[in-house]
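Contents: one structure, followed by commentary.
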Amino acid sequence: MRHPDRVTPRTAAVLALALLVAGCARADAGNAGPADDDLPADGDALVLQVAVAGGFRGLPEQAGRLPVVSVHADGRAFSTGPVAAVFPGPAWPDVLVTRLDRAQLRDLLDRAVAAGAAERGDLGRPGLADATTTRFTVWTGSRAAVREVYGLTEGVGDPQLTGDQQAARQRLLDLLGDLPAGEEPYEPAAVAVLAVPPGGDPRPEAGPSGAGQPAVPWPGPALPGEPLAGGAGCTLVTGDDVRVVTAAARQADALTPWTAADGTPWSLAFRPLLPHETGCADLAR
């Protein structure tokens, strides 16, 4: 008869193996994204976003810039489509959407965390002026972690970065290549319209004016809307006006001059709002 408190060699081996597996699981959890039950209950909530800011673009144009990718808790992933190499470019931005299943969403968040998107270590600063800043936002199960990297794409090989900093940056660059691409056109429920007087256009491809093009009557709500930093106004378009404004924008290009009902000329940029955005204040942030 075996003593109930005695641990046999076989039992000890089994216990050791169990502890080893548990330890590995805890270690892996530190590099994993949230479990299914840790994802936000609101399907519109943002769980992963990569956005680019800064560079040579002014404040009005920064407000209208779309993220590289935005992924939401229900699996919808939004990205910009290819832009034709023509001048002037289209007025309406091509936003595409695809849907990730639960397994694909979990895998993407795991890869983002493993790439260091939720970390806070020093990534250095390349010796560059006016480079862009890439902002990673990832949901970790309890919070939205934000990491900003100055000169991520421009600073590759910069001698002011250490080997460790270069390696950490490369993991984030590799993540950019793994981001999902949209497949279907996105029809937004709301659109922000950025307005500036001719000559102060927030779009890089727009010249000093739309001279030579016929002015198009503005079919939406009153311009210029609420003021944003940098001199632009922002008008929120919702309801039935979205269809009318979208149709007009799709017929225009980046240099098209617009005329308000009172005859005031405007240069306009169109920014479809994503599911987690509610108005112009989101763009101002």
Side-chain angles (χ1 to χ4, degrees), residues 51-68 70 78-97 130 132 182 184-274 277 279-284:
V52 177
F56 289 101
R57 302 190 181 196
L59 288 175
E61 188 200 344
Q62 295 286 354
R65 179 184 259 172
L66 281 155
V68 176
S70 291
F78 299 85
S79 61
T80 53
V83 179
V86 297
F87 181 84
W92 183 254
D94 184 22
V95 183
L96 302 177
V97 59
D130 297 315
T132 59
E184 301 293 334
Y186 171 52
E187 301 296 336
V191 178
V193 180
L194 304 178
V196 294
D201 204 306
R203 297 156 298 182
E205 64 271 35
S209 71
Q213 292 196 44
V216 176
W218 169 243
L223 298 172
E226 63 181 89
L228 294 180
C234 181
T235 298
L236 182 64
V237 181
T238 59
D240 293 338
D241 286 336
V242 172
R243 177 182 55 81
V244 176
V245 166
T246 299
R250 283 177 168 149
Q251 296 297 316
D253 62 42
L255 293 182
T256 298
W258 301 81
T259 304
D262 62 359
T264 304
W266 294 101
S267 292
L268 303 180
F270 300 87
R271 170 60 158 79
L273 294 189
L274 299 174
E277 298 170 331
C280 294
D282 293 300
L283 306 189

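The basis for the numbers below is simple: all heavy atoms, side chains too, and nothing from hydrogens, waters or symmetry mates. Quick note: residue numbers are just sequence positions, from 1.
Heavy-atom minimum distance, Ala192 versus Leu283: CB-CD1, 3.5 Å. Pro272 and Val95 make their closest contact through CG-CG2, 4.1 Å (heavy atoms, listed as atom of the first residue, atom of the second, distance). Nearest heavy atom pair, residue Ala195 against residue Trp266, reads CB-CE3, 3.9 Å.
Here the CG-CG distance, from Leu268 to Leu194, works out to 8.5 Å after rounding to the nearest 0.5 Å.
Between Ser267 and Trp258 there is no side-chain heavy-atom pair separated by less than 4.5 Å. A heavy-atom distance below 4.5 Å is found between the side chains of Trp218 and Val193. No side-chain heavy atom of Leu96 sits under 4.5 Å from any side-chain heavy atom of Glu184. Contact check for Pro93 versus Leu66: side-chain heavy atoms found under the 4.5 Å cut-off. Side-chain contact check for Val245 versus Phe270: some heavy-atom pair is nearer than 4.5 Å. Residues Trp92 and Asp253 fail the side-chain proximity criterion, which asks for heavy atoms closer than 4.5 Å.
A side-chain donor-acceptor contact under 3.5 Å links Arg65 to the backbone of Val52. In this structure, Gln251 contributes its side chain and Ala248 its backbone to no donor-acceptor pair below 3.5 Å.
For Ala215, the side chain to side chain contact (heavy atoms under 4.5 Å, CB included) partners are Pro257, Thr259, not counting sequence neighbours.
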Under 3.5 Å, side-chain donor or acceptor atoms of residues 219-244 against the rest of the protein: list the pairs with distances, not counting sequence neighbours.
from, atom 1, to, atom 2, distance (Å)
Thr235, OG1, Ala222, O, 3.2
Thr235, OG1, Pro224, O, 3.3
Thr235, OG1, Gly225, N, 3.4

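Tyr186 and Phe78 have perpendicular rings, their planes meeting at more than 60° on a 0 to 90° scale where under 30° would count as parallel.
Within the structure, no pair that satisfies the salt bridge (charged side-chain N to carboxylate O under 4.0 Å, His left out) test touches residues 254-264, not counting sequence neighbours.
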